*Asks:* 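Supplied in structure tokens, the structure appears directly below.
The residues of the chain are indexed from 1 along the displayed sequence. What you see is a predicted model; the values in this text were computed from it and never measured.
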Amino acid sequence: LPPSSAANLRPGAEQKVVFITARVHPGETPSSFVCQGIIDFLVSHHPIAKVLRDHLVFKIAPMLNPDGVYLGNYRCSLMGFDLNRHWANPSSWAHPTLHGVKQLIIDMYNNPKINLEFYIDIHAHSTMMNGFMYGNIFEDEERFQRQAVFPKLLCQNAEDFSYSSTSFNRDAVKAGTGRRFLGGLLNDTSYCYTLEVSFYSYILGGPTSAVPYTEEAYMKLGRNVARTFLDYYRLNSLVERPLGTTPKTR
């Protein structure tokens, strides 16, 4: 891609940041394909991707657990830790990737020129079908309702994403996850989600019409996640249309 002239990348400019992480659990390989779909779309020449790059800053850590992936572990790191339970107090020695990402997020949060608006952590689920999200529960009803907007929009864009399977919780067992910890740290203009996708299939049309997931289908879900930010920020009118669709003038 040519160098960006986007106003949000100029020195001192205010930035709206979307932070995406994946593969904190090494065995959840579908999360890598979803993340790949997001990345491939965002760096493409697609008109929607151009608008998104002009208005948002995407920061992506595609593999939070490279040691575990290399070793073929299912859930743990080289040191035997489930990294997604150590966000509250990660060690620079025992959980270096988590420590680095958390410090970057905190630095951005403390920067008055940066609005960290989304955090999405991508996982894969071994028992449920479709794509779906986990969100947080807040005492503020208005904030809780605003948190439901993005998954509802994603459900309209992705045929394999299920809003009915999306849930909002604050289970004690999930307290050390990225979604839960950052949801408590960031302010009420930030939204933190876990994006889950099935290991095996999604349902279209009825309970018996399960469609097996493929690598391409996972990447398509990633592309649809990226496209949903266009709807969320109401940037549709800025997308350049193909010349052939422009009405002829007299």
Side-chain angles (χ1 to χ4, degrees), residues 3-24 31 35 38-39 42-43 52-66 77 81-123 133-151 168-170 172 174-195 225-226 228-229 232-235:
S4 175
S5 59
N8 62 359
L9 293 181
R10 293 170 187 161
E14 292 192 4
Q15 297 180 349
K16 293 181 179 179
V17 173
V18 175
F19 205 107
I20 298 171
T21 58
R23 208 68 185 275
V24 70
S31 68
C35 192
I38 294 173
I39 294 171
L42 290 175
V43 300
L52 293 176
R53 292 195 303 267
D54 286 345
H55 289 82
L56 301 169
V57 174
F58 290 86
K59 293 187 179 291
I60 302 175
M63 189 173 287
L64 282 181
N65 196 340
S77 66
F81 292 107
D82 180 345
L83 295 182
N84 205 35
R85 295 296 183 272
H86 289 274
W87 277 91
N89 189 29
S91 161
S92 60
W93 176 77
H95 327 106
T97 54
L98 229 60
H99 182 271
V101 167
K102 178 184 174 182
Q103 191 57 54
L104 176 59
I105 289 174
I106 290 175
D107 289 346
M108 288 192 296
Y109 178 63
N110 291 329
N111 187 333
K113 291 288 188 178
I114 294 177
N115 296 316
L116 181 53
E117 305 211 335
F118 281 88
Y119 171 75
I120 300 176
D121 189 28
I122 309 173
H123 288 250
M133 280 179 155
Y134 293 127
N136 295 316
I137 291 179
F138 303 104
E139 301 302 330
D140 182 349
E141 178 66 20
E142 195 265 341
R143 183 184 183 187
F144 180 74
Q145 293 296 332
R146 282 189 281 117
Q147 186 188 210
V149 172
F150 187 86
F168 304 90
N169 60 67
R170 51 183 171 195
K174 300 291 183 69
T177 64
R179 164 183 63 90
R180 282 289 307 281
F181 175 75
L182 294 174
L185 171 72
L186 305 177
N187 61 31
D188 62 359
T189 62
S190 302
Y191 304 102
C192 300
Y193 305 95
T194 301
L195 171 61
V225 169
T228 299
F229 288 104
Y232 182 85
Y233 286 102
R234 300 178 181 179
L235 300 171

*Asks:* How far does CZ of F118 sit from CZ of F229, to the nearest 0.5 angstrom?
*Replies:* 5.0 Å
*Asks:* side-chain hydrogen bond (donor to acceptor under 3.5 Å, both in side chains): which pairs involve residues 103-116, sequence neighbours left out?
*Replies:* Q103-D107
*Asks:* Between the side chains of E117 and Y233, does any donor sit under 3.5 Å from an acceptor?
*Replies:* yes
*Asks:* Output all residues satisfying side chain to side chain contact (heavy atoms under 4.5 Å, CB included) with H99, sequence neighbours left out; order by chain, then residue number.
*Replies:* P90, S92
*Asks:* Do M133 and F150 make a side-chain contact, defined as non-hydrogen atoms from C-beta onward lying under 4.5 Å apart?
*Replies:* yes
*Asks:* Passes side chain to side chain donor-acceptor pair (under 3.5 Å), T194 versus D121? Steps please.
*Replies:* CA-CA 5 Å; T194 301; D121 189 28; 5.2 Å; no
*Asks:* What are the two closest non-hydrogen atoms of G135 and Y193, and how far apart are they?
*Replies:* CA-CD2, 4.5 Å
*Asks:* With sequence neighbours left out, what residues match Q147 under side chain to side chain donor-acceptor pair (under 3.5 Å)?
*Replies:* none
*Asks:* Once you round to the nearest 0.5 Å, how far does CG of L52 lie from CD1 of I38?
*Replies:* 11.5 Å
*Asks:* Would you check, one step at a time, whether the test side chain to side chain contact (heavy atoms under 4.5 Å, CB included) holds for L64 with R23?
*Replies:* CA-CA 6 Å; L64 282 181; R23 208 68 185 275; over 6 Å; no
*Asks:* Is it the case that the side chain of T97 and the backbone of N65 share a donor-acceptor pair, with hydrogens and angles ignored and the cut-off at 3.5 Å?
*Replies:* no
*Asks:* If we ignore hydrogens and angles and just use 3.5 Å, is the side chain of K16 paired with the main-chain N or O of H55 as donor and acceptor?
*Replies:* no
*Asks:* May I ask you to decide if the ring planes of Y119 and F19 are parallel, tilted or perpendicular, using 30° and 60° as cut-offs?
*Replies:* tilted
*Asks:* Which pair of heavy atoms, one from A94 and one from S91, lies closest together, and at what distance?
*Replies:* N-OG, 3.0 Å
*Asks:* Report the relative orientation of the aromatic rings in H86 and F81; use parallel for angles under 30°, tilted for 30 to 60°, perpendicular for over 60°.
*Replies:* perpendicular
*Asks:* Identify, with sequence neighbours excluded, every residue that meets side chain to side chain donor-acceptor pair (under 3.5 Å) alongside S77.
*Replies:* none
*Asks:* Partners of N89 by side chain to side chain donor-acceptor pair (under 3.5 Å), sequence neighbours excluded?
*Replies:* none
*Asks:* Can you list everything that forms a side chain to side chain donor-acceptor pair (under 3.5 Å) with Y191? Sequence neighbours excluded, please.
*Replies:* R146
*Asks:* Distance check, rounded to the nearest 0.5 Å: I120 atom CD1 versus I20 atom CD1?
*Replies:* 5.5 Å
*Asks:* Drop me the distance from K59's NZ to L116's CG, to the nearest 0.5 angstrom.
*Replies:* 10.0 Å
*Asks:* Closest approach of C35 and A22, non-hydrogen atoms and distance?
*Replies:* CB-CB, 3.9 Å
*Asks:* With distance as the sole test, does R53 use its side chain to make a donor-acceptor pair with the main-chain N or O of L42 at under 3.5 Å?
*Replies:* yes
